[in-house]
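The block underneath contains the structure these notes are about, expressed in structure tokens.
Numbers restart at 1 for each chain; the letters A, B, ... are given by sequence-line order, proteins then strands. Side-chain atoms are counted along with the backbone in the values below, which use heavy atoms only and exclude waters and symmetry mates.
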Number of protein chains: 2
Amino acid sequence: MGIADDMRANGMRMTVQRRLVLDVLRRARHHTTAEDISRSIRASHPQIDPSTVYRNLEALERLGYVTHTHLDDRVTRWRRSDSPQHGHLVCRKCGSEEDIPMQILEPLAKRLRGEHGFRADLAHSAVVGLCRECAS
Amino acid sequence: MGIADDMRANGMRMTVQRRLVLDVLRRARHHTTAEDISRSIRASHPQIDPSTVYRNLEALERLGYVTHTHLDDRVTRWRRSDSPQHGHLVCRKCGSEEDIPMQILEPLAKRLRGEHGFRADLAHSAVVGLCRECAS
DNA sequence: AAGGTTATCGCAACTGTTCGCAATAGTCGG
DNA sequence: CCGACTATTGCGAACAGTTGCGATAACCTT
Ligand SMILES: [Mn+2]
Ligand SMILES: [Mn+2]
Ligand SMILES: [Zn+2]
Ligand SMILES: [Zn+2]
């Protein structure tokens, strides 16, 4: 059962707009902004509105096909859920960004689960701070 | 040396607008949004523009008098730096919010410092996830 | 293959926040 | 205290993202 069938089983429809959003995210190497996706789609389909892209990212996230992450403060970044999960360190001074394996974050997740019954998604927001070069 | 002198020593000026922002934050019990601050100030000083509030929050942050935190996704929340620091757990399903002591986050901060030379500010963004009731 | 239902669309108006600019008003030295 | 310097202001426009709405088209039933 493919994505289209799965969506129909949930009362949703597979539209050309949705297929295009998934296509762009499949080709993207890293996290992508909604604006990037919209621009990329509009290159070949100028009539497709940015608001449709925003709404579809949310719809696809509800079904679990895409997720978002917050790297810097303002812009939300999207990826397909089937791409590998990882954490981020972002320097608030120089803006540099480093990916980190989830296992570094695991002990904290386990502790929050045990002490607060809280299932943390520690990949959802980047860890903000000062990188080695900027901390001096 | 008070805040005003400190600001002047840094080439900044102490204006009525800045004093009002600090006053509102001093009276506020919890994290406050820029919009709240602006509305509160405009009640008595209608001529003060929201853009001035936004700019002043950034200016005061640069000197270390206020900090901001991201709880849910879009809205930035502000507090005076001299109010007690703490972390947050936010449930992505029901929206509930729980404060947690910084010491829970300390082991991760220490590890990031040791293994990556990264000085993490783990109070900057809330930890997103599922609370006990919503975990299904 | 056709028709009806309604999820989704494009568009335009709207939100919260940022930015450029000319006018204002803190600050400092005399 | 005054005047000069310039950081900061209010304002208008721009910005990314959201929302309401009537038109369109996906898809289910026959
Ligand atoms: Mn931030
Ligand atoms: Mn988020
Ligand atoms: Zn750095
Ligand atoms: Zn919950």
In this structure, how many angstroms lie between the [atom2] atom of [N] and the [atom1] atom of [X], rounded?
X	N	atom1	atom2	result
D5(A)	dC27(D)	CG	P	10 Å
R77(B)	dT17(C)	CZ	P	10 Å
M7(A)	dA7(C)	CE	P	13 Å
I41(A)	dC9(C)	CD1	P	10 Å

By side chain to side chain contact (heavy atoms under 4.5 Å, CB included), which residues pair with L122(B), not counting sequence neighbours?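 If we apply the side chain to side chain contact (heavy atoms under 4.5 Å, CB included) test to L122(B), skipping adjacent residues, the hits are V127(A), L105(B), L108(B), A109(B), A120(B).
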Pairing donors with acceptors under 3.5 angstrom, does anything connect the side chains of D6(A) and Y65(A)?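 Distance-only check passes for D6(A) and Y65(A).
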Mind grabbing the angle between the end helix axes of the helix from dA1(C)-dT30(D) to dG30(C)-dC1(D)? Five pairs an end, 10° rounding.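 Computed angle between terminal axes is 30°.
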Qualifying ring pair (Phe, Tyr, Trp, His ring centres under 6.0 Å) pairs with a residue from residues 1-32 of chain B, counting only residues at least two apart or across chains: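 Sorted pair list: H31(B)-H86(B), H31(B)-H88(B).
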Pairs satisfying ring pair (Phe, Tyr, Trp, His ring centres under 6.0 Å), at least one member in residues 104-123 of chain A, at least two apart: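 For residues 104-123 of chain A, and leaving out neighbouring residues, there are no ring pair (Phe, Tyr, Trp, His ring centres under 6.0 Å) pairs at all.
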Please list residues of residues 9-33 of chain B whose heavy atoms come under 4.0 Å from any atom in DNA chain C, ordered by number; otherwise none.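 Only R13(B), M14(B) qualify.
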Which residues in residues 45-60 of chain A have a heavy atom closer than 4.0 Å to any atom of DNA chain C?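 Those residues are Q47(A), I48(A), D49(A), S51(A), T52(A), R55(A), N56(A).
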Could you check whether any side-chain heavy atom of [X] comes within less than 4.5 Å of a side-chain heavy atom of [Y], counting everything from C-beta outward?
X	Y	value
C134(A)	R92(A)	no
T76(B)	T33(B)	no
R18(B)	D23(B)	no
Q47(A)	H45(A)	yes
V66(B)	R79(B)	no

Before we go on, tell me: are the rings of H124(A) and H70(A) under 6.0 Å apart, centre to centre?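 Yes - the distance between ring centres of H124(A) and H70(A) falls below the 6.0 Å cut-off.
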